[in-house]
Amino acid sequence: MRLSVLFVGMWLVLLTIVSPAGEKEDLKWRTFNQGVNEAKKKQKKVLIDVYTDWCGWCKRMDVQTYADKSVASYLNEKYVVIKLNAESNKKLSYKGNEYTEAELSA
């Protein structure tokens with residue numbers, strides 16, 4: 001399986017500026033291992049949102065961009081979305097190796 005990682009950037013922020021926020025549709029966030037397994041089964045791309053608890057832009061993305069119905073609907077349809085805490089020591093398994101979330105995000 002080829003893991004496609006899309007780093008979400010300013011294009012999503014600009015999308016929310018251009019299109020007014022609609023009704024809310026929740027994104028179906030997965031843990032890393034759940035998301036990778038689901039993407040493999042469903043033959044979908046993976047979007048990994050690498051965040052930290054203190055990151056203001058990360059929080060803004062959650063509130064303004066990911067909460068937008070059109071953005072959430074599109075991402076739920078086309079991607080398996082994963083949240084990855086860049087400072088977490090939570091252990092994950094990928095391709096037979098064990099990593100922390102912080103190691104994977106690096």
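Keep in mind that the numbers below use all heavy atoms, side chains included, and drop hydrogens, waters and symmetry copies. Here, residue 1 is the first one in the sequence, and each next residue gets the next number.
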Step by step, work out the side chain to side chain contact (heavy atoms under 4.5 Å, CB included) result for Leu104 and Glu101. CA-CA 5 Å; Leu104 275 176; Glu101 287 187 342; 5.8 Å; no
Carefully, step by step, assess Trp29 and Ile82 under the rule side chain to side chain contact (heavy atoms under 4.5 Å, CB included). CA-CA 5 Å; Trp29 292 106; Ile82 296 171; 5.6 Å; no
Report the C-alpha separation of Val46 and Tyr79 in whole Å, then their side-chain angles, then the decisive distance to 0.1 Å, and conclude whether the side chain to side chain contact (heavy atoms under 4.5 Å, CB included) test is met. CA-CA 5 Å; Val46 174; Tyr79 294 86; over 6 Å; no
Evaluate Ser70 against Asp68 for side-chain hydrogen bond (donor to acceptor under 3.5 Å, both in side chains), listing each step before the verdict. CA-CA 6 Å; Ser70 61; Asp68 183 276; 2.4 Å; yes
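Looking at heavy atoms from C-beta onward, Leu47 lies out of side-chain contact with Val80 at the 4.5 angstrom threshold. Glu38 has its side chain within reach of Arg30: a pair of non-hydrogen atoms, C-beta onward, lies under 4.5 Å apart. Using a 4.5 Å heavy-atom threshold, the side chains of Tyr66 and Leu75 count as touching. You'll find the side chain of Tyr51 reaches within 4.5 Å of the side chain of Asn85, heavy atoms only. When side chains are defined from C-beta on, Leu92 does not count as touching Thr100, because their heavy atoms never get closer than 4.5 Å.
Checked by atom type and distance alone, the side chain of Lys42 never pairs as donor or acceptor with a backbone atom of Asn37 at under 3.5 Å. In terms of modelled atom types and a separation under 3.5 Å, the side chain of Lys40 and the main chain of Gly35 share no donor-acceptor contact.
When every heavy atom of Ser105 is checked against every heavy atom of Ala86, the shortest pair comes out as OG-CA, 3.3 Å. In terms of heavy atoms, Val50 sits closest to Cys58 at O-SG, 4.3 Å.
Residues passing the side chain to side chain donor-acceptor pair (under 3.5 Å) test with Ser93: none are found, sequence neighbours excluded.
Ring centroid separation for the pair Tyr99 and Tyr94 does not come in under the 6.0 Å cut-off.
Judged as a salt bridge (charged side-chain N to carboxylate O under 4.0 Å, His left out), the pairs with a partner in residues 81-93 (not counting sequence neighbours) are, in order, Asp49-Lys83, Asp62-Lys83.
Cluster annotation: Met61 and Val81 are assigned to the same hydrophobic cluster (Ile/Leu/Val/Met/Phe/Trp/Tyr, side-chain heavy-atom contacts under 4.5 Å, transitive).
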